[in-house]
Structure formats: C-alpha cells, structure tokens
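Since this is a predicted model, take the numbers as computed values, not measurements. Proteins come first, then strands; the chains are lettered A, B, ... in the order of their sequence lines, and each starts at number 1.
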Amino acid sequence: MSQFLQQIVNGLSLGSIYALIALGYTMVYGIIKLINFAHGDVYMIGAYTAFIVTTYFGFSFFPALITCMVVCGLLGVLIERIAYRPLRHSPRITALITAIGVSYVIEYTTAYFMGSEKRTYPQLLSNASFQLGPIKISTQQIYIFLITIVLMLLLQFIIQKTKMGRAMRAVSTDENAAKLMGINVDNTISFTFLIGSALAGAAGILVGIYYNSINPLMGMVPGLKAFVAAVFGGIGSIPGAMIGGLFIGMAETMVIAYGSSLYRDAIVYAILIIVLIVKPTGLLGKNEREKV
Amino acid sequence: SSSSTGKEETGKKLNEGDTVKIGLNFELSGDVSSYGQAERNAAQLAIEQYNERSDTKFKAEGVEVDDKGDAAESTTQAIKLIEEDGVAAIVGPATSGASIATYEVATQNNTPVISPSATQVNAMMNGETPYEYAWRVCFEDSYQGAAMAIYSADTLKCKKAAIINETSDYGQGLANQFETTFKEHGGEVVAHEQYNAGDTDFASMLTKIKDSGFDVLYIAGYYSEAGLIIKQAREDGIDCPIVGADGFESEKLVQLAGKENLNEVWYTTAYTTVNASDELNAFIDAYTKKYDQAPNMFSALAYDATNLVLDQLEATGATGEELNEAIKKANFEGITGSFTFDEKTHTPVKSVMVVNQVDGVQTEATEVKVD
Amino acid sequence: MTKGILNKINLMWVAIIVVLYLLLSYMMAAGIINSYYKITLFNMCINIMLAVSLNLVIGICGQFSLGHAGFMCIGAYSAGIITKMMPNYAGLILGILVGFVISTIAALIVSIPTLRLKGDYLAIATLGFSEIIRILVQNMKITNGAAGLSGIPALTTWPLLMLGVVLTIVICSNFTRSAPGRACIAVREDEIAAEAMGINTTKYKVIAFVIGALLASAAGALFACNFYVIKPTQFTFNKSIDILVMVVFGGMGSMTSSVLAAIAIGLLNMVLQNFTDARMIIYGAILVIMMIFKPQGLFGDREISLSKIVDKAKAKKEAN
Amino acid sequence: MEPILEVKNLTRNFGGLAAVSNVSMQIMPGELIGLIGPNGAGKTTLFNLLTGVYEPSEGLIEMQVDGKPKQIGGMKPYKITNLGVARTFQNIRLFKSMTVLENVEVAMQRNIQYGTMSAILRLPKFYSEERWIKEKAIEYLKDVGLYQKRNELATNLPYGEQRRLEIARALAIQPKILYLDEPAAGMNPQETADLTKLIHEIREKYHLTIILIEHDMSLVMNICERIYVLDYGKMIANGNPEEIKNNEFVIKAYLGEEI
Amino acid sequence: MLEVKDLHVHYGMIEALKGVSLQVEEGQIVSLIGANGAGKTTLLQSISGIVKKSSGDVHFIGKDIYKESPQKIVADGLTQVPEGRRIFAGMSVYENLILGAYLRKDKKEIQEDLQKVYQQFPILEQRKNQDASTLSGGEQQMLAMGRALMARPKLLLLDEPSMGLAPILVKEIFSIIQEINKTGTTILLVEQNAKMALSIADYAYVLETGNVVLSGTGKDLIESEDIQKAYLGG
Ligand SMILES: Nc1ncnc2c1ncn2[C@@H]1O[C@H](COP(=O)(O)OP(=O)(O)OP(=O)(O)O)[C@@H](O)[C@H]1O
Ligand SMILES: Nc1ncnc2c1ncn2[C@@H]1O[C@H](COP(=O)(O)OP(=O)(O)OP(=O)(O)O)[C@@H](O)[C@H]1O
Ligand SMILES: CC(C)C[C@H](N)C(=O)O
Ligand SMILES: [Mg+2]
Ligand SMILES: [Mg+2]
C-alpha cells in the first residue's frame, strides 16, 4: 500500500513535467492547428538558458526562471515569424515539415555551440524531502506540481476570460472573420507563441533542476510524450493537456511498478490507442461531427 | 579509380613522405553523438601529434565522416572512406551496431577497421571466425559483466543483486553476463529493471525494487543515466553498494550523481586516472588544452585505437593485408593499458580494473581476473 | 489509346526503364559509379520504395500515418532472420513473403480500428503502433534483442532493387489511376461526400494502408540484405519522420515527386557529409527554406505523364 | 402501388434539441416532393437521416428494395447509397482537386466489378470497364451541360456549375431516389429557371423519385407535386402547392404574408 | 463617404475585379447586385483589406485606406458582415457580440450597445449563453449583424444577408437593414435577391464579371428592362 502511494507521487511528478510541456503544445495547436514539433526544443533552450545564466552569471532561481521564460517566449515568436507564418495558408503537413526543420536547427545549433554532451546544473532549489506517513515527497516535486497547476489555471483564465484569449479563439475558428472584428491576427498568433514558448521555458528550467541533467537532444522524447499527452487529453484543450500529461506520467509509473519496465512504452501506447478508439478525439476533445 | 571489389588488390607499399589517410567514422550527430564526438576529438589529436613528431616517415590525414549513429549510414560512409578517399584504415565508430555494419565492407576491401568502444559480445565474429579486418581496443561486455559479478560476490560479499540495465545491446550484454556469473558464484538476482537511453526519471523503478532485499545494485548503462540513477537511489535511501561497468567512466558521473552520493560505488574499467601514467597525463593535458574540456574513457580508447594504426603504419610502411597482419601481431602499449589481440576474437587481452569511488573521487584500482 | 495493357504508352515506359537500367548497370560496371555512389544509389532506391508507398497512404488516401518505420521493421527482420538461415535468393523471397504476411496482419490490426481516427489522432495512433512493434522486436529472442541481427547476407543486388522500385511505382500508380484509387482520393478530398457516393471509406483506407505496409515491408527486406546489420533503433519514430519528409518535400499525392525527393534528399545528404558538425543545421535550414518557398514541394502534385507528353508532341506536329 | 419510401415517427435529438421530431412521410415512386421550412427546421437533418449520415434516435425509414420494404434507418451511408439513393449537399461537397469527369467517375463506384488486383495488374477487365465508365460519365455530364468542362478541376468551376456537377455526380449513382438540398441556393432567377428545367429533364429520363429542399418558392411551387413543411423539427403540413400556399400555419411559420 | 476608383484585384492569374469604381454617400443604402462570381464578395473583402488589391484607389471619409490593414479599417468605422455569416463557432452568442467591439475601449458604452443589440434582436438575448454554432441560419445572420453593430460602424458592408434564409426571414432582415440605416449607419449591401435589394436602395450598381455595367437609383434599375430580364426573372 505504501508502495502504491509512493508510486502515485512518482507518477504525479513525472506527469506534471509532461503536462507542463504539453500545455504550451496544446495551446499553440488550439489556435493555429499546427503540431509545433520544435516545442520540445524550445523547452531544451529554456534549460540551457537557465544553465548559462546560473552557471556563468550566478542568477538565482526566480531571476533565472524569468529569463528563461522571456528568452523562450521570444524564441517562440521568432520561430513563428520565420518558419510558420509564411505557411499559414499552406497544408498543415507542410508546416509540420518546417517545424521538423526548425527542430533540427535548434538542436544542432545548440550542440554546435554548447557541445553535445550532458551538462549539469548548480543546485538552485533546495532538495529537502519530507516524509508524509509512508510516502516521501521532495520540495522540488511540490514546486513542479504547483507551478504546473498554477500555470494551467492561468492559461485557462487567459484563454477563456480575457480579451486576448477571446481574440485567440476567434482567430482559431475563422481568421478572416477575426480580421473583420479588427483583430490583428499576426499579433494574436505571436502572442500565442509567446505564452506557449514561455511555458516551455519554465518547464526547461524546472526539469533541469529536478533531474540535474541537460543535453541538446533532451527535448525530443518529452516533446513526443507531450504531443502524445496533448492528443490523449484532446488536442487544443488546456485541461486536456494537463490530464493527458498526468495520465501518461502515471501510466508509465504504474507499468513499471506493476507490469514490466521492458514494455513500458509499448503498454502506454497500447492504452493510448485503445482510449483513442473509444474516444476518437481524446478525453476532453470536442467530439464534433462535421455538420453536413 | 579503384575497383569496386578490391579483392585482387591487397594493399600497397608507401613511400616516405606520403600522406596517409585515416578514416574517422563516428557518430557526430544523433542521440549518441556525445560519444562519437569525444572519440573523434581524441583521434584527431592523435593524428595531429603524429604529424608534429619529427621522427615519422609519413604524414597522416584524418578524414571525418558522420554515421549519424545509424548502422546503414555507417556502411555507406565506410564505403565512401575506402572508395572515395582511399583510406588506409578506419577508426570508429563508437557504438557496436554502427561498427559491425562496416566489417563486411572493410574485409572485402582489405581495410582494417578499429573500433575504440564496440563492446558488444561477439561483435567481431562472422559466425565461427572473426572478420579478418575488424578490431577493437576495448574488452567485451560479457568480460566486464563477469568481472564485476565475481568482484561483487567474492570481494564485496554480496548475496542478492538488483540489476538495472539500459535496453541497448551494451546494457543487455552486461546484465546477462553479470546475472549468469553472479549466480555461478552463489548469488541471487532479486530484481531486474530496464530503462531507455535518455530517460531521466527512475523514481518508480527504484520504489519498486527498494523492498526486494538486494544488497548490491548493478547498473548496466552509461554515466548519463547511471549518474541520475545513483543520485535518485541514494536520495531514496538505497545505501548498499552500487556497481557498474566502464559506462560509468566520466567526469560527468560525479556531476550528475553528486559527490556526496558517490560512496560505496565500484565499476569495471580499462581506463582510470588513479595512478595515471605519464603518457595518460600528457594525453589529458593535451586534450584539455585543445578542446577545453576533460577527456573521458571514450576519448582515451579512440586515442589508443588511432595510435595503434599509426604505429603499425609507421612500422610496416604498407597498407592492406600487410598493415592488417601487423595489427594482428601488435603488442601495443597505450594509455588504457597494454595489450595484444586474441586472434580468435580480435579483442584485446586486457586486464579489467575495478575502481572505487569515495566522495566522487576514484581512490583505488584493483585488477580482477576472469577465467 | 487504351488498347489493353500493351498500349503504346506502357511500351514506351518499358523501353525507358530498360534503357535506364542498362545505362546505370553499365556505369557501375565501368566504375563511373563507384561503390560509394552505388550504395548511395541503393539507398535511394530503398527510400524511393518507402516514400512512394507512404505517399499512397498520406498523399493519395489522405491518412496521416506516422508508422511507416514499423512495417519496414517487420520486413527487415523477417528477411534478416530467414536469410541468415537460408542465405540465398529463396531465403530472401521467403523472407519477403513472411514479411508480407506479418505486415498484412499488423496493418489490419492497426488500421481497422484506428483509421476511423482523424488527422493528428491517427498520426499518434500509428506512431504508437509502430513503436510497439519496435519494442517487441527489441525484446524478442529471435530478433536478438537490442543488439540486432548482424551478418545478414548481402543479397540485395542492383537488378533486384530496380525491380523493387519499378514494381512499387507501377503498383502505386496503377492503383491510383483506377476505380479503387479514385475512391481513395475521394476519401481524402471529402469523406462524407465519398460515403454518399457509395464508397465504403473504411475499406479503401484499409486497402491503401495495407498496400503501403506491404511495400514498406518489402523495402525493409531489401534494406536488411543490403547493410549486413539491422537494429531496432533503426526503426524508430525518426525513421518514419525521415520518410514523411521525403513525401512532403517532393509533393504530396504525386509518385513522381516522391521519387525525385528521395533522390534529391539522398544527394543532399551526400553533399552535406562534408559539413560534419553543421550538417544537421544546414539540413534543417534547407527544409525550412524549401517549404517556405515551395510549400507544394519540389515538384508539387504533378506527375510525369507520358501520355500527356505524347499528346502534346502530337499537337505540335499537327500544328506545324 | 407501394410507397418507395416510408418514414415512420422519425426523431433525431442533438443533446436536448429535437432537430427532427416524430416525422412521418410516404413517398410514391416517381413523385417530385418539396421539403420546405424555416431555417433550422430540420430539413437537412432529415436528409442526413435518410442517407445514413446520422442515426435516428427513434423511428423507422423503410425503402422499397427488390419489391420488399427494407428498414434503412441507421445503416451506413455507403450502404444506403448502394441501394439506389443519391443526394447533393447544401454546402457543395465536390472532390475539389479532381477533374469534373473524375468526380462523376467516382460516383460510378458501385457499378464497378473489377477489384484492386485487376487494377494493379491492369487485367483486361480493367480496360474494358474503365472505357465503359468513361462513356457513361460523359453522358451524365452532357445531361447537365458540363461536357465541355470535363477536364477542368472541380474547384475552378463557377458556383452554379458546381451545383450542376453535384447533380451529375448524383445521377451517376444511378439512383432510384434523389435528394437535392437547396439546389438553387445562390442562383439568380435565370439560373434558377435553367435548373428547374434540368430537374424536369432528369426526372423524365431516369425515372427518378426526387425530394428537394428549397427556399426559393418560385421553384418549389412551380415543379413540386407535393410539399412537406417542417417547423422546429415537426411536420406541420403536407399537400399540393395550392394547399400549402394557403395553409395558415405555413404562412405564419414560413411564408409570411404574401409571396 | 466611401469612394472606390478603378479597383483591380487578382487571384493568382484570375482577374476578379477589372477596374471597379463606386461611391457611397453618407446616410444612404447602396446596393450592389450581380450574378454568382461577378466579384461582389471580392469587392467587399478588398475594401475591408482582407483581399490584396492589385491597383486602384479606396478612400473612406476622405482618408486613403488603400494600403491600410483590416484592423485599421475597422477602427476607422468601416465594418463588414461577411458572406455566410462566419460567426465564431465554439463561442457563446455573448462572446461573439463582445468580439464585435474588439477595438473599443469604452466599457460602459459597449454594455449600452449590447443592450441595444439585444433590443433589436431579442432572440440573441434569449440565447446569449448558447454556442453560436448551434443557432439556426437566420439566428446566425442576426448575430452576425449584431456583432458588426457592436463596432459602432459608420459604414456597414453587408454581403448577401438573405442567403439561404426562409422567405419570412428575408423580409425581416431587410426591414432590420432599413432600421439600422435609419439610426444613422450608412450601408453598402451586396445581394443576389435583386428585387429586395433594389427596392430599399437609394442607389445601386450592377456588377458583371468584374465590371460595373450599370448604375442608377434603386427605382431606375428596378424599372430597367435589362435588369428585369437578367436579375428579376421577368
Ligand atoms: N451535428 C449537429 N449537432 C448539433 N446540432 C445540430 C447538428 N446538425 C444539425 N443541428 C441542429 O439541428 C437543427 C436543424 O438543422 P438543419 O441543418 O437540419 O436545418 P435546416 O432545416 O436544413 O435549415 P437551413 O434551411 O438553414 O439549412 C438546427 O438547430 C441545427 O443547429
Ligand atoms: N480565393 C479565391 N481564389 C481564386 N479565385 C477566387 C477566390 N475567391 C473568388 N475567386 C473567383 O473570383 C471571382 C469572383 O468571386 P466572388 O466571390 O467575389 O463573387 P461573388 O460575386 O461574391 O459571387 P457569389 O454571388 O457567389 O457570392 C469568381 O470567379 C471566383 O471563382
Ligand atoms: C560508445 C559506447 C556507447 C559504445 C557501446 N559500448 C557499444 O558497444 O555500443
Ligand atoms: Mg439545411
Ligand atoms: Mg459572394
């Protein structure tokens, strides 16, 4: 029983990390229906930015966090400008290829300048852990979990309740009609990338601290997992991304705990496929039948 | 240009002052590029040092290619090196899969290939016999796995082992051999888990095995994950001995795991800075100077592999069959130890050292015999 | 024009292929194409088979599959295992056939339930399925686990590859230009309307998917017998992405484009080899730039069509 | 004579909304029926139920097949089509990147005997059937006056011609029953008049039973023999044009004071 | 108020507008009729800045808006109700209306205008929290008009507001248009339904394949024989 509870904690903290990356992913997707493959790499840049400012400039956690979010936010805007904006009216799969191209460029430029080997972080956050009955939780785990929840709520608020959020949703349903309302579509999309990428930046520094290990290709697997999480939760849905991330984290943990670590990913994918067959647009995705 | 099979042509004599090309086929991009790059750097250093010497007969030139960590690409690039560039020998690739993919072409074209770190069991074998032109300067996984199993059972007096291995050939090879030998020496394996290269979260695995009652944890994998596993295990209160293989050999292990967590840690290796020889120290200095970072075991192995080729070229003044024969007969003294090749397996006969870590510092190195 | 299979256009195609084949064979024999270029050419051929077959699924039928590497993996391992036991052409043929059987079963298992999914949901499901295949292969005894198979006999020869490429193209283009192919295109264009035309959309999606899987599996077999070694890590999600890049880079829905893209990317890779450290940066940048300036792909959705060329030539003649 | 189509107490709910509610109809072979009603009354939804796009929540749809009534409610659309039912769409749904001719050829799918193997191997069957399909398709294009444009991409046709192509495509299914959803929407009076003529012609030529939805009363009142009126999902009236024009419920719900 | 001179618009190779000129005076209802594909929508969209113009001249209240971005044009007081309504699916009726006032900062007056729209279209108030995409066609048209009014436009462009509507609704929509006009909004109306459009127009233009072929007062055109034949089915 205590093992089970401990595994739940493990699953939640792994899941929060996936969720944190998935949030930005799903947000960008929700607005321009683009699989931003470079999202995982923006997250990697976040981790490296924090590495640089903390190691070489001696920043502490919060200034480093802000720096990461700003740098990644701007990087996101830049990527959108260069690689996605010209393709906004092309087939989506075309933009997917530029996203892959951008992803290569970011990964290997980082490797070029920073080297491809792993880097480690200075200890930025206390890693004290405390015993809660039979389970052990570290402060870092709590940080990650709370930050994820707060960011999700914040995002949900921005999208549902603010003027900018309404503009984002309007752009996502009908770009030209949005223009006729006086909405600046370009700025709105840039804003979306700004927020989504800043979130990835936050994820980058948190993961860097938590695992103490970063490398230029670190964004690939979590990027993919976050994509899976976003799809699982219903791509485009903010709470869906959160649930999807937590689910994937929890499923991986439970497969290891009570199944076989050998087949971890296989089983997680199998569950995913079954869920999609039952619910073809993910857990919270709108099951919209096209109106005929 | 040269013929496509090369069968009839078994090598040529070199004239003094000739420039000899050496192929450097490494993983320069992709998931395992950090190994490939470390080895490429060291190989280039060896060539540079060779050219700086005044007592040499030839000039050497390293021709780099990127096998992207992919076996098929590795074959393609080996052919390019042989056919287009006419290299005398190839150093690399780092990983077994990519290395094995070049043995057939190398042998067909009488061009020796020396892998610094292809440790996979039977990597050089083509059925019962080895590929004639395939060599490596590291020992094979089973050998290390056995050595550590013996050390754990006999020296550390452990009875129950837990194994965590990477899902790669390296991890599986080590783990399988460790398990077999450990059982032979009266031990028992009570838990066995696997992870993928690149994983960072091992909490659930550790929580799961924690209560299985093991008194030694064998991690069959590379420092990048092993460092994290050690850290997470120690923080999780697992304080029994943790043992591993040469994949631990890197400065980064200390950074990743944290000094305070690197106690009661042992691993097998052929490369240790404990009681380093002058040659080794010179290499470390030169490498650090040139690349602004410390070398690791992989760089050291690549340095040896390159020097092995350069030495034999210098000695024979020939390529092809003659060069290969010289390699076969070589009695090489390198920074990772002295060795000769076992002709049945094309693998060096090298001693395994078990290195102990205390507060992240290598303290002592003991030689272990496997029979 | 349409006088059955022996019509003028088909005969012209046969002539062109024979000439191309003989020309390349001569160049290889004469050493104009050295072994390195030869293996690059072999690689291109395998990539052509992969790209053209994926194009059938994505470009023609509109089903976004990210699982092509999985079927390639099945074909490669079937052929690898069997030719290691029977190192001759009978073994290779048997290996290909076994690959067909397994891929068909796998393709049916994945496609019948998942092809109801749309767009990115389908992409994730197929990606997941192909990862499952890879993980199984990685943990099986017969496949030699993570170490993979080595010492696979090099049975893949130039005539065999040429045959593979030609058959792949012929199968895909014959399929596309027929009633079932039209049904697939209709499904891609508008599923609801297609259904209203009496088209069993699931059936045609499955047909396209299975044909794609079979051809990928054949390509995998030729791949295994070309490179001596296969490992599970060669068939990851990244491989599927590479194939996808070829399809889109060329132009979706056009076989000609996929062929050209496989060749172009092969050449590009060859050139980029000289820029070791910056190779992937340049490659990534080229993908971005190319897509921005030619979003329809290198060649768009055009096809080389002999009948059109012939018609034009005739028209010109008449005009003169 | 037996009705070719009989709808019994058909209902379809979307969440809380009954888009079609307890609707019954009887259609005789060869009839030309109008279906009118305010926006959102459930006309298109009714078509979608009749063609299998939606499953009924309740009720039956019986079609005369081989001399026997067959319950087709809830069947897959392609199966219903293959029983001889064709439709056009309110929002045009052509296969945009196909040529005009190919659009029609696609619709002949159900008459094709050769399979995937014959197609790939290019067996003689393939060539003979393809030739036949092409001839047939051209005939349908001639019916709607699009023969000249057969090699253009469907998406490049002007709006009115796209609507005609939808009709040609529906004819190629060789249906017994044809549903037309607002075929005159967006057409000017001249074009509407041409369309009216076309509908008459094809009905005669192919012995069709036609049900059409239309807001253009000049068209409906001109050609329909009988008219059903839907309002809020319910059938509020049914009768010949004269009766409908003077039905007070219809005037109140739909037509307004004068027409 | 609005002056378009010699406007050319291309879609790739196709020239959709071949030098269109027209004028709208303040307070008028100006109708633009023409067959399918004549270029009516293209004209409105290029005025609003959605479609790129090739050459020509567009002035709005004396200001050159030829090069202005769509949002600037809206800010200037020129709003469009697009063809096919284009309401924002997935958002509530209320949110759709509020989006209409996107560029306005005067919170209080926005609320007042919202009440006015609710008065004019009571059904929208009843449905204010419903997903706009589930409204029927007629309701959606009212929403689209209400949404445009929320911008407090000086000039309102309407693109086929009667398309696909039941006869009873068509009449209602036209009377709403006249009402809007009476409260001081100038209107440029594009219609297929030539009869209705001409009957309420102060001035009208007839567009054929990218060219203005006829213009005159609404009354004149209704009586013109050519128009009778081509557009009124007479
Ligand atoms: N898939 C769906 N999901 C939810 N509601 C739907 C769906 N399809 C139709 N409806 C609703 O059902 C009602 C009837 O719609 P339908 O399209 O059948 O009307 P209609 O009579 O064809 O109107 P129009 O003349 O405007 O085309 C409408 O309120 C519509 O919003
Ligand atoms: N996005 C586009 N790309 C290419 N051509 C277009 C595009 N939009 C419109 N056209 C073409 O431009 C011409 C004018 O179209 P437009 O939509 O302006 O006509 P319209 O008068 O509004 O017709 P309708 O009455 O059908 O609304 C048509 O020939 C049309 O096919
Ligand atoms: C460089 C190392 C990762 C190579 C590994 N020992 C192998 O045999 O594959
Ligand atoms: Mg309708
Ligand atoms: Mg229009």
Novice: At a 4.5 Å cut-off on heavy atoms, which part of D:Ala86 comes close to chain C: side chain, backbone, both, or neither?
Specialist: neither

Novice: Could you tell me the separation between the OG atom of C:Ser178 and the CD1 atom of D:Ile133, rounded to the nearest 0.5 Å?
Specialist: 9.5 Å

Novice: With side chains defined as the heavy atoms from C-beta onward, is the minimum distance between C:Arg182 and D:Ile112 less than 4.5 Å?
Specialist: yes

Novice: Would you compute the distance between atom CD1 of C:Ile211 and atom CD1 of D:Ile120 and round it to the nearest 0.5 angstrom?
Specialist: 4.0 Å

Novice: Can you pull out the residues in residues 108-123 of chain C with any heavy atom less than 4.5 Å from chain D?
Specialist: none

Novice: Distance-only, no hydrogens or angles: does the D:Arg122 side chain make a donor-acceptor pair with backbone N or O of C:Asn174 under 3.5 Å?
Specialist: yes

Novice: For C:Ala179, does its backbone N or O pair with a side-chain atom of D:Gln109 as donor and acceptor, under 3.5 Å?
Specialist: yes

Novice: Please state whether the side chain, the backbone, both or neither of D:Glu105 comes within less than 4.5 Å of a heavy atom of chain C.
Specialist: both

Novice: Report, by ascending residue number, the residues of residues 164-175 of chain D in heavy-atom contact with chain C at a distance under 4.5 Å; give 'none' if the set is empty.
Specialist: D:Arg169, D:Ile173

Novice: Return the option, out of D:Thr81, D:Thr116, D:Thr51, with the maximum number of heavy-atom pairs under 4.5 Å with chain C.
Specialist: D:Thr81

Novice: Under a 4.5 Å heavy-atom cut-off, does chain D meet the side chain of C:Arg188, its backbone, both or neither?
Specialist: side chain

Novice: Considering heavy atoms only, which positions within residues 198-210 of chain C lie below 4.5 Å of chain D?
Specialist: C:Gly198, C:Ile199, C:Asn200, C:Tyr204, C:Ile207

Novice: Would you say that more than 12 heavy atoms from the other residues, nucleotides or ligands in this model lie under 6.0 Å from the NZ of D:Lys68, or not?
Specialist: no

Novice: Output yes when a side-chain donor or acceptor of C:Glu189 lies under 3.5 Å from a complementary backbone atom of D:Ser97, and no otherwise.
Specialist: yes

Novice: Nearest 0.5 Å, please: how far is CD1 in D:Ile92 from CG in C:Asp190?
Specialist: 12.0 Å

Novice: Heavy atom to heavy atom, less than 4.5 Å: which residues from residues 166-173 of chain C reach chain D?
Specialist: C:Ile171, C:Ser173

